[in-house]
Amino acid sequence: MRSDSVKCGTAQAPHRSLFNALGFTKEERQRPMIGIVSSFNEIVPGHMNLDKITEAVKMGVAMAGGMPVVFPAIAVCDGIAMGHIGMKYSLVTRDLIADSTECMAMAHGFDGLVMIPNCDKNVPGLLMAAARVNIPTIFVSGGPMLAGHVKGRKRSLSSMFEAVGELAAGKITEEDLEEFEEKVCPSCGSCSGMYTANSMNCLTEALGMGLKGNGTIPAVYSERIRLAKHAGMKIMELVEKNIRPRDIMTEKAFMNALTVDMALGCSTNSMLHLPAIAHEAGVELNLDIANELSAKTPNLCHLAPAGPTYMEDLNEAGGVYAVMNELCKKDLLYTDLITVSGKTVAENIKGCVNLDPEVIRPVENPYSPTGGIAVLKGNLAPDSGVVKRSAVVPEMMVHEGPARVFDCEEDAIAAIKGGKIVAGDVVVIRYEGPKGGPGMREMLNPTSAIAGMGLGSSVALITDGRFSGASRGASIGHVSPEAAVGGPIALVEEGDIISIDIPNNKLEMKVSDEELAARRAKWQPKEQHLTGYLARYRELVTSGNQGAILKVPGKA
C-alpha cells in the first residue's frame, strides 16, 4: 500500500507516534488509508450539507475496511462573488484546489481518495487533482438545490438575477423582488438549473468518475446520504483493483462527456473545465472537437435557464444515465469504458430508461438535431468564442448590430440599467479574460439585466470573459485571443457592425483588414497594478480556448 511509506517499518516509528496523537489505533493503521477531500464551508449554499456527506463517506469507508481521513478544500460561492471584485477570485480557485489537494495527497501517502465537491470550481479542480495524482479516486457531490416557487411557477437563481433587471425596467415592484429573494433558493445544494456546478457534477457521471445519481439526486434527499455511503464503500474496491483516474478518464471518456454535455445543454464553462481536466490526464481536447460532436449530437434537455425544467425533474426522469441511454440509440457513446462503479458504461446504463419525454426528449424528437453548445470563429474570435446555443432564442441565432463597447463589466451594467442599450445592439465587454480580468469574470449580472429588461430577444453580448451557467440569450464568451494580449476584440470600436451566425459557427466584425491593421498599430496594452495571487495567476494563465490552464514556466 502507498500508505506503508508513512505507517510501516522502524523508520516510520515517528510517523506512527503522530498517528497516535491523532487518535488512530493500530488496527486502523493496518487498513488502506483513504483521504476524504471535503469542500464543506458555511458560505456556499451548495456546500453547507457536505459535513453530512463527509460523515456518510467516512462510514462507508470504515464499513468496507478502510481508514478514512478527512482534509479540506476551499470553495467560492459564485453567486455571492458575482458582480464585484470577488468574481476575479472564482475561476482562479480551480488551480488552488487542484494544487492543494495534490500537496495533501502526495505528502501523506494516501491509498485512495474520495472527492466531495459541489459548486463551480471544486468539481473541475478536484477532477484535475485526481488526474494529476492518479491514485484510486471516486467523486460524490453534495447534490442540487430544489427549485423555488414564486407565483405558482418553479424558479431558480437565474430568475432572481433577472428580477433585478425587471425591477429596473419597472416590470415588477420592490415587493415582488423581495418575494423572489425569499423563495428562489429554498434549500441547500448547487443552484437548481443546469448551471456550471450541476453541469460538472453530471459530466462527472458521464466521465465515469461518479456513481449513478451523482449529478441529479437533490441535496436534501436521504438518497444522497446513501449514495455517499456507497461511494465510501466503492473506493475500497477501486483500491483493491488499483483502478485509477487515468484508467477511467481516457480520450474516449472525454468524448463521452462532451457528447453528454451537448445533449444536456450544459454551461459554457464546461468548455473551460473539460480541456483543463483532460490536460491533467494527458489528453488533448481542443474546441474544434466540440463542434464536430455537436454537429451529430441532438440536444435533448432544456433545463433552466434554457427552459422550465430543473435538476429535480431531470432526476425523476432518469438522470444522466437515461440521457446516455437515449444517445446510445444513435451509437453516440463509447460504452466499453471502465468507470468507478467497477463496471463499464454499458453495464451502468442498462435499464436506465427515459421516464419523462418532456424533460428528456427522445432522440427521435430532440429540441434540436445539434448540441447545446457551439464554438464560433471569425475575425473577432480567430481562436474561438463559445455560446450556449440551447439557451438562445430563434430570432437571435443570426444577428447583426452595432457594437457598444465597454472595457469592464461595471460600465456595461451601468449602461444597460441606465437604458442606454437598445434593441439590435451588440454589447462588447472586454479586458475581462483570464489575463485581462484577471480571472475571467462571469457576466451573469449584465446578461440577466438584458433579459430582465426585455432585451433578451434583440440584444447580444460578447466578451473575452465568461458566463454563468445561469446566463441565457445570445451570450458569447471565451473570445480568444483576449483583449489583454491584443486579440481583435481589443480593436473593436463603438458602432462597428458585429455579425453573429450561430448555425454556421461564425463571429465577425465588418471591418476591413487594412483598418484593423491600422488600429493594431496604435493599440497599447491596458496597465494593471496587481499584487498577490492574481499577479502570479496573470503571468501563468493561458487563454480561454486552452481551458485557462496555468502554463509551467519554461514549457511551451
Side-chain angles (χ1 to χ4, degrees), residues 45-46 77-84 86-87 144-196 198 267 302-313 388 390-396 404 406 409-427 429 441-461 463 467-475:
C77 177
D78 276 25
I80 294 174
M82 194 73 64
H84 57 95
M87 184 44 72
M145 183 183 292
L146 295 176
H149 290 81
V150 181
K151 301 187 186 305
R153 290 178 58 193
K154 283 186 177 182
R155 298 285 193 168
S156 60
L157 186 65
S158 55
S159 308
M160 181 72 253
F161 275 89
E162 290 178 15
V164 175
E166 291 174 359
L167 180 68
K171 294 183 175 184
I172 63 172
T173 65
E174 291 276 0
E175 290 74 20
D176 292 327
L177 186 70
E178 186 173 346
E179 184 179 1
F180 272 90
E181 186 179 326
E182 293 292 329
K183 294 180 178 179
V184 295
C185 297
S187 73
C188 64
S190 47
C191 296
S192 56
M194 187 53 80
Y195 310 150
T196 305
N198 292 326
S267 165
H302 267 193
L303 288 96
T309 53
Y310 295 81
M311 294 306 297
E312 62 203 63
D313 302 312
K388 187 171 182 174
S390 59
V392 180
V393 295
E395 53 266 40
M396 289 298 290
R404 306 298 309 281
F406 305 93
E409 177 188 7
E410 288 83 356
D411 290 349
I413 292 171
I416 295 165
K417 292 186 177 178
K420 296 179 181 179
I421 302 301
V422 299
D425 284 348
V426 178
V427 176
I429 305 177
R441 287 196 289 182
E442 287 186 342
M443 302 290 164
L444 180 56
N445 273 351
T447 60
S448 297
I450 287 170
M453 297 184 76
L455 297 171
S457 60
S458 59
V459 169
L461 195 155
T463 181
F467 296 108
S468 164
S471 292
R472 62 188 176 101
S475 303

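Computed from a prediction, not measured in an experiment: that's the story for all the values here. Position 1 is the first residue of the sequence, and the numbers go up from there.
Closest heavy-atom contact between S457 and E395: CB-OE2, 3.3 Å. In terms of heavy-atom proximity, P45 sits nearest to M145 at CB-CE, 4.3 Å. Residue K420 comes nearest to D425 through the heavy atom pair O-OD2, 4.2 Å, listed as atom of the first residue, atom of the second, then distance. Pairing each heavy atom of I429 with each of A412, the nearest pair is CD1-CB, 3.5 Å. The two residues G424 and V459 make their nearest non-hydrogen contact at N-CG2, 4.2 Å. Pairing each heavy atom of L303 with each of M194, the nearest pair is CB-CB, 3.8 Å.
Under the rule for a side chain to side chain contact (heavy atoms under 4.5 Å, CB included), the partners of A449 that lie at least two apart in sequence or sit in another chain are I416, K417. For K154, the side-chain hydrogen bond (donor to acceptor under 3.5 Å, both in side chains) partners are E312, D313, not counting sequence neighbours. For R472, the side-chain hydrogen bond (donor to acceptor under 3.5 Å, both in side chains) test picks out E162, with sequence neighbours left out. For S159, the side chain to side chain contact (heavy atoms under 4.5 Å, CB included) criterion is met by R155, S156, F180, not counting sequence neighbours.
Side-chain N or O atoms of N198 include one that pairs as donor or acceptor with a backbone N or O of C191 at under 3.5 Å. Between the S468 side chain and the E442 main chain, no donor and acceptor come within less than 3.5 Å of each other. S267 places no side-chain N or O within donor-acceptor distance of the main-chain N or O of A470, the cut-off being under 3.5 Å. A side-chain donor-acceptor contact under 3.5 Å links Y195 to the backbone of S158.
Contact check for I450 versus I421: no side-chain heavy atoms found under the 4.5 Å cut-off. Looking only at side-chain heavy atoms (C-beta outward), V427 and P446 stay at 4.5 Å or farther from each other. In this structure the side chain of M160 reaches within 4.5 angstrom of the side chain of L177, judged on heavy atoms.
From K388, atom NZ reaches atom OG of S475 across 10.5 Å, with rounding to the nearest 0.5 Å. In this structure, NE2 in H84 is found 10.0 Å from CD in E410, a value given to the nearest 0.5 Å. In this structure, CG in L461 is found 7.5 Å from CE in M443, a value given to the nearest 0.5 Å. Of the inter-residue distances, the one linking T447 atom OG1 with I413 atom CD1 reads 9.0 Å to the nearest 0.5 angstrom. A distance of 9.0 Å separates OG in S471 from CG in N445, rounded to the nearest 0.5 Å. In this structure, CG on D78 lies 12.0 Å from OG on S190, to the nearest 0.5 angstrom.
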List the atom pairs, donor and acceptor, that lie under 3.5 Å between side-chain atoms in residues 163-175 and the rest of the protein, sequence neighbours left out.
unit_1, atom_1, unit_2, atom_2, d
T173, OG1, E175, N, 3.3
T173, OG1, E175, OE1, 3.3
T173, OG1, D176, N, 3.1
T173, OG1, D176, OD2, 3.2

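Residue pairs meeting the salt bridge (Lys or Arg N to Asp or Glu O under 4.0 Å) criterion with at least one member in residues 182-193, sequence neighbours excluded: E179-K183.
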